[in-house]
Amino acid sequence: MSSANCLFCTFVSRDIEPDVVGETEHSLAFRDVNAQAPTHVLVVPKRHVANAGELAEASAEELQDLVLLARSVAEDEGLVGDYRLVFNTGAGAGQSVFHAHLHLLGGRAMKWPPG
Ligand code: AMP
């Protein structure tokens, strides 16, 4: 399930310990090292897949688990329904780590469209 040379797989295995804010059987949530908002958390599937579409194809249950963990962390962070969830897919869309991850951003006003 894990992939060699994948940063987020080393977080899931805890060979490297991220700043964890939540966990379920299928998903891990930790703070982004380069936060773009007062709350910036990444929620990753424990299964190694490259992006959200691959996760949906592999397991609808695990995709649901990912989103529900993001919502739970948002509530823990006091975001009370005002937050942004983002999946970047592909380098052209800004993806830099090719292990699926859901960005949870909140705690400041959000603009649209994103850059
Ligand atoms: P993306 O650009 O959508 O692939 O998002 C990857 C995210 O991973 C970026 O927001 C980075 O700041 C974040 N990131 C990279 N390295 C680490 C790390 N060691 N710990 C936590 N977050 C990281």
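In listed order, ligands and their atoms are each counted from 1. When a residue number appears, it is its place in the shown sequence, counting from 1.
The closest protein non-hydrogen atom to atom 22 (N) of ligand 1 is V33 N, 3.2 Å. Of the protein's non-hydrogen atoms, the one nearest atom 4 (O) of ligand 1 is S96 N, 2.6 Å. The protein heavy-atom contact nearest to atom 6 (C) of ligand 1 is H101 NE2, 3.4 Å. If you check which protein heavy atom lies closest to atom 7 (C) of ligand 1, you get D32 OD2, 3.5 Å. Annotation: atom 19 (N) of ligand 1 to nearest protein heavy atom, F11 CZ, 3.5 Å. For atom 2 (O) of ligand 1, the closest non-hydrogen atom of the protein is G94 O, 2.7 Å.
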Open item on the list: Assess the residue pair L63 and D65 against the criterion (side-chain contact (heavy atoms from CB on, under 4.5 Å)); give the C-alpha distance rounded to whole Å, side-chain angles, the decisive distance to 0.1 Å, and a yes or no.
Closed with: CA-CA 5 Å; L63 178 62; D65 184 82; over 6 Å; no
Open item on the list: Could you go through K46 and E62, starting from their C-alpha distance and side-chain angles, then the distance that decides it, and tell me whether this counts as salt bridge (charged side-chain N to carboxylate O under 4.0 Å, His left out)?
Closed with: CA-CA 9 Å; K46 293 184 176 178; E62 291 174 31; over 6 Å; no
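Rounded to the nearest 0.5 Å, atoms CG (D32) and OG1 (T39) are 11.5 Å apart.
Side-chain polar atoms of T89 and N51 form no donor-acceptor pair below 3.5 angstrom.
Ligand 1 lies nowhere less than 4.0 angstrom from a heavy atom belonging to P18.
Residue R31 approaches ligand 1 through these ligand atoms, each under 4.0 Å from one of its heavy atoms: 21 (C). Heavy-atom proximity to N34, at under 4.0 Å, picks out these atoms of ligand 1: 12 (O). Those atoms of ligand 1 that come under 4.0 Å of a heavy atom in L42, given as number and element, are 7 (C), 8 (O), 13 (C), 22 (N). Remark: ligand 1 atoms within the under-4.0 Å shell around heavy atoms of H103 are 1 (P), 3 (O), 5 (O), 10 (O). Atom numbering of ligand 1 starts at 1 in the shown order; those under 4.0 Å from a heavy atom of L7 are 16 (N), 17 (C), 19 (N).
V43 places none of its side-chain heavy atoms less than 4.5 Å from the side chain of L28. Counting heavy atoms from C-beta on, the side chains of H103 and H101 come closer than 4.5 Å.
Residue F8 has no N or O atom closer than 3.5 Å to an N or O atom of ligand 1.
More than 12 heavy atoms of other residues, nucleotides or ligands sit less than 6.0 Å from atom CD of E17. More than 12 non-hydrogen atoms from other residues, nucleotides or ligands lie less than 6.0 angstrom from CZ of R84.
In this structure, E54 contributes its side chain and A50 its backbone to a donor-acceptor pair below 3.5 Å.
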